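Whatever order the structure lists ligands and atoms in, that order sets their numbers, starting from 1. The structure presented is a predicted model; accordingly, all values stated were derived computationally and were not measured.
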Amino acid sequence: MQFIDLAAQYQHLKQRIDQRIQTVLEQGNYIMGPEVEELEQKLADYVGVKHCISCANGTDALQLAMMVLDIKPGDAVFCPTFTFFATAEVVAYAGATPVFVDSDKQTFNICTADLERRIQKVIAEGKLRAKAIIAVDLFGQPANYIELQCIADKYGLKLIEDAAQGFGGEIDGRRAGSFGDIATTSFFPAKPLGCYGDGGAIFTNSDEYAALFRSYRVHGKGKDKYDNVRIGLNSRLDTLQAAILLEKLAAFPDELVLRNKAASQYTGLLSAHCGTPHVPSGYLSSWAQYTLVSSDRDRVMAELKEKGIPTMIYYGTCMHQQTAFKDLGYADSDLPVASALAKQVFSLPMHPFMNQTQVAEISAAVLSAI
Ligand SMILES: *Cc1c(COP(=O)(O)O)cnc(C)c1O
């Protein structure tokens with residue numbers, strides 16, 4: 001059994017993907033070929049925003065957002081401590097200070113009450129400029145953008161949606177990638193929409209930001225790439241990856257339905273016996289992960305492994321516990337919910353090509369282990 005079965009997906013789409021790759025190889029436009037623009041248009045339409053700018057990976061997408069928002073030393077950027085490293089890394093790389101926020105007990109996303117307390121504290125202390133919030137759509141479920149946007153407006157902060165795991169999610173019919181001032185996503189193979197290498201994208205409704213992103217991703221180009229008007233990056237999406245993503249995006253709506261079917265089956269079988277992921281009403285998750293909590297995680301995971309069922313821990317180390325951030329001086333007691341989650345979470349196999357028998361088998365093994 002696979003944790004995520006990318007080979008099964010490839011078999012399903014093989015003819016169409018192979019044809020797309022062949023076309024790119026024959027036409028020879030390996031960098032910024034026509035597939036890149038076609039994909040950007042289709043992604044913008046799917047998400048429901050004016051601009052999509054593709055780039056080399058999800059981390060660069062966030063880094064480019066830091067550049068466009070002019071995040072710099074002396075700025076405070078608020079982000080969850082319970083996330084993948086890249087969310088906080090780009091803040092520190094820009095020379096700014098990440099301010100870590102605890103998790104919501106029910107959704108595991110950024111806790112808006114703790115966020116507001118930390119913003120007020122930064123403002124009261126007066127050492128850093130409160131500048132932006134990066135919220136994360138953890139495990140595929142959008143963060144609470146209704147409250148997050150109110151907080152951002154109240155304190156004059158920019159809001160960034162890190163939708164690396166959230167592509168396909170929704171709040172009241174509005175899609176992930178459309179929240180905040182800027183949203184970013186990743187096409188790392190294991191994400192809900194993945195390519196066959198690294199890839200990423202940025203979404204925004206702002207014409208001004210979109211023009212800056214297009215410049216920053218190609219060496220800060222002006223009228224062309226040999227006219228450089230600012231310091232940028234080399235961060236383009238390969239034409240081959242765009243071609244692959246065009247076929248994967250076409251199949252994505254059906255896959256999203258299948259992921260949600262597998263998740264409902266898990267929840268139906270497990271929820272009477274253990275805590276299962278909480279999806280608030282009006283929210284749709286893209287189920288990047290199906291995550292459970294157990295105070296006896298190691299034993300449960302070992303029992304599943306004996307039965308041939310792979311599980312993973314996302315995440316065993318919070319940002320405030322990372323060696324790279326130890327100088328920021330956080331204690332676990334400052335971020336109690338996230339610190340407890342890091343000791344207890346584990347994720348079950350989740351992908352669109354799981355059948356009902358497999359979900360039932362995994363659920364039975366979980367029930368027997370707990
Ligand atoms: C995967 C991920 C990223 C980074 O994406 P890459 O394409 O691997 O650079 C950023 N944020 C979150 C929350 C992620 O899960």
For this session: Quick one: look at V136 and ligand 1, take heavy-atom pairs under 4.0 Å, and tell me if it's side chain, backbone, both or neither.
Result: side chain
For this session: Answer side chain, backbone, both or neither: which part of T83 comes under 4.0 Å from ligand 1, heavy atoms only.
Result: side chain
For this session: Verify whether one side chain among K307 and S368 offers a donor that lies under 3.5 Å from an acceptor in the other.
Result: yes
For this session: Please could you name the atoms of ligand 1 that Q165 approaches to less than 4.0 Å, counting only its heavy atoms?
Result: 13 (C), 14 (C), 15 (O)
Problem set entry | Test of proximity, F84 against ligand 1: N or O pairs below 3.5 Å | no
For this session: Report, in ascending order of atom number, the atoms of ligand 1 lying under 4.0 Å from any heavy atom of T87.
Result: 11 (N), 13 (C)
Problem set entry | atom 14 (C) of ligand 1: the protein heavy-atom neighbour that sits closest, reported with distance to 0.1 Å | K191 NZ, 3.0 Å
Problem set entry | Minimum heavy-atom distance Q321-A342, with the two atoms named | OE1-CB, 4.2 Å
Exercise. Starting from atom 4 (C) of ligand 1, which protein heavy atom do you reach first, and at what distance in Å?
Worked result: T59 OG1, 3.5 Å
Problem set entry | NE2/H219: more than 12 non-hydrogen atoms of other groups inside 6.0 Å | yes
Exercise. Can you name the nearest heavy-atom pair linking V366 to L304, along with the distance?
Worked result: N-CD2, 3.7 Å
Exercise. With no hydrogens and no angle check, do the side chains of D60 and Y216 hold a donor and an acceptor under 3.5 Å apart?
Worked result: no
Problem set entry | Contact atoms of ligand 1, heavy-atom distance to N57 under 4.0 Å | 7 (O), 9 (O)
Exercise. Taking the six-membered ring for Trp, are F203 and Y46 ring centroids under 6.0 Å apart?
Worked result: no
Exercise. Taking only heavy atoms of A164, which atoms of ligand 1 are found under 4.0 Å from at least one of them?
Worked result: 2 (C), 3 (C), 10 (C), 11 (N), 12 (C), 14 (C), 15 (O)
Exercise. Would you say R214's side chain and I53's backbone share a donor-acceptor pair under 3.5 angstrom?
Worked result: no
For this session: State whether the number of non-hydrogen atoms from other residues, nucleotides or ligands found under 6.0 Å of Y93 atom OH is greater than 12.
Result: no
Seminar exercise, completed: Check: of C55, A201, S186, A163, min heavy-atom distance to atom 5 (O) of ligand 1 comes from S186
Seminar exercise, completed: Any heavy atom of D162 under 4.0 Å from ligand 1? The part involved is side chain
